[in-house]
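If you read the sequence from its start, that first residue is 1, and numbering goes on from there.
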Amino acid sequence: MTPTSENCAFHLAALMTMLTFVLLQGAQAGVVVDFNHAERCKDSLYMGTPPRGYLSNSFKKICQRYEDQPRYVTLYDSQDHIPIYSAYTFKKSDGEKKVDFPWMFEPQLASEKSSSNMEPFPQSAGMHMNFEDTQAVLDDYANVVQYERGQLNPDEHQADPLDKAATYSLTNVVPQIREFNLGPWAEHQDIIRQRLNNYCRGKAFVVTGVTTSGHTIRRSNLNRLAVPEYMWSAYCCTEFDQNAPYFVRYKFPVFGAYGLNDRVNNHMVEVPLKNLEKFLKGRMNVDQNFQIFYNDCGPNN
């Protein structure tokens with residue numbers, strides 16, 4: 001029997017429905033292939049484009065989801081158990097830090113079939129063994145008094161309580177030397193918060209990341225966490241106050257900074273984006289096309 005045009009149309013519609021369902025299911029994933037969809041955190045990236053030029057294929061792309069909403073992007077090293085960078089949109093805030101949120105983990109790093117939302121760590125530390133091969137767990141930070149948990153997407157750069165809660169995932173945290181974390185790093189994050197609060201008139205995109213040099217935190221005779229050598233960060237805000245004082249205005253639409261994660265010589269150095277990228281190329285496994293923001297945060301043409 002020759003298929004009628006109606007039958008063909010019916011089967012085509014059914015096929016499209018199935019494909020849409022599959023695509024939407026994929027769009028809900030916490031660990032993703034790309035960020036090319038709003039449900040996969042595309043809106044956390046300037047022009048929907050992540051930093052380019054990383055040479056490792058082993059890093060995991062995470063759309064950090066909390067309470068069924070995409071919150072920000074993380075490129076995660078599941079071997080060294082630290083984020084390589086987190087990318088987020090800055091929200092004007094008062095800088096208050098919320099300390100009553102539980103620390104969370106990313107279920108899909110352990111199993112693709114798990115929830116796409118970050119979840120609080122189970123009360124039983126024994127349960128952590130189920131996913132500690134792929135990510136940091138609370139015990140990794142338990143007996144390392146010289147280190148603090150440094151957020152790449154900081155609580156203080158978010159305003160909505162759920163956005164703030166979502167920053168408390170260990171997949172958004174690296175071990176920072178205590179003196180650096182509480183001193184130059186905290187001061188820099190507050191400087192950027194005030195600058196973007198006061199002078200950014202549109203949406204501000206931020207990418208914050210690390211370089212490593214082989215130092216690790218060990219637990220039970222195993223290397224558990226890579227310790228960053230340098231911390232770096234850059235923001236992009238194309239709509240800003242053109243009447244801002246020159247000492248502020250020249251740091252728009254885009255600027256960067258880096259600092260040594262150490263007890264001494266750890267001040268943050270603010271630099272133009274190209275200078276930051278040149279600095280990082282010599283310290284990370286990236287190619288010569290390494291770029292933090294699409295078109296260097298240039299205008300949309």
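- When every heavy atom of A244 is checked against every heavy atom of Y199, the shortest pair comes out as CB-CD2, 3.5 Å.
- In summary, the aromatic rings of F131 and F105 are positioned with their centroids under 6.0 Å apart.
- For the 3.5 Å distance criterion, the side chains of Q135 and K60 fail to qualify, holding no donor opposite an acceptor.
- Closest approach of H81 and L225 over heavy atoms only: O-CD2, 3.6 Å.
- Residue L222 is not grouped with residue L138 when hydrophobic side chains (ILVMFWY) are merged at heavy-atom distances under 4.5 angstrom, including chains of intermediate members.
- Hydrophobic clustering of Ile, Leu, Val, Met, Phe, Trp and Tyr side chains at less than 4.5 Å, counting indirect connections, keeps M104 apart from F101.
- In the hydrophobic clustering of this structure, I191 does not group with L260; members are Ile, Leu, Val, Met, Phe, Trp, Tyr whose side-chain heavy atoms approach within less than 4.5 Å, directly or through other members.
- Separation of atoms OG (S169) and CD (E119) is listed at 11.0 Å; rounding is to 0.5 Å.
- Between Y250 and F255, the angle of the ring planes goes over 60°, which puts this pair in the perpendicular group of the 30/60° scheme.
- Nearest heavy atoms, P70 versus C41: CB-SG, 3.6 Å.
- When the shell of 6.0 Å around NZ of K92 is examined, it contains more than 12 heavy atoms from other residues, nucleotides or ligands.
- Under the side chain to side chain contact (heavy atoms under 4.5 Å, CB included) test applied with L280, the options T211, N275, V286 reduce to a single match, T211.
- Atom CD of Q194 sits in a crowded spot, with more than 12 heavy atoms from other residues, nucleotides or ligands closer than 6.0 Å.
- Between Y235 and the choices F252, Y88, F90, F205, the ring pair (Phe, Tyr, Trp, His ring centres under 6.0 Å) rule is met once, by F252.
- Residues A136 and F121 approach most closely at O-CZ, 3.7 Å, considering heavy atoms.
- A continuous path of ILVMFWY side-chain contacts below 4.5 Å connects V227 to L170, so both sit in one hydrophobic cluster.
- Between K274 and D296 there is a salt bridge, with a side-chain nitrogen of the basic residue lying less than 4.0 Å from a carboxylate oxygen of the acidic one.
- Ion pairing of R283 with E229 is absent here, as no side-chain N (NZ or NE/NH1/NH2) approaches a carboxylate O to less than 4.0 Å.
- For CG of N143, the number of neighbouring non-hydrogen atoms (other residues, nucleotides, ligands) closer than 6.0 Å is 12 at most.
- Atom CG of residue L182 and atom CD of residue E179 lie 8.0 Å apart, to the nearest 0.5 angstrom.
- Heavy-atom contacts from other residues, nucleotides or ligands closer than 6.0 Å to CD of Q79 number 12 or fewer.
- Applying the 6.0 Å contact sphere to CG of N57 captures no more than 12 heavy atoms from other residues, nucleotides or ligands.
- Classification of the F290-Y54 ring pair by plane angle, with boundaries at 30° and 60°, yields perpendicular.
- Nearest heavy-atom pair across R219 and V137 is NH2-CG2, 3.6 Å.
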Applying side-chain hydrogen bond (donor to acceptor under 3.5 Å, both in side chains) to T167 and Q151, what does each step give before you reach the verdict? CA-CA 7 Å; T167 66; Q151 294 173 310; 3.0 Å; yes

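- The minimum heavy-atom distance linking Q158 with T89 is given by the pair NE2-O, 3.3 Å.
- A side-chain N or O of N172 and one of S86 form a donor-acceptor pair less than 3.5 Å apart.
- We find that K61 and D34 are not joined by a salt bridge, their nearest charged nitrogen and carboxylate oxygen being 4.0 Å or further apart.
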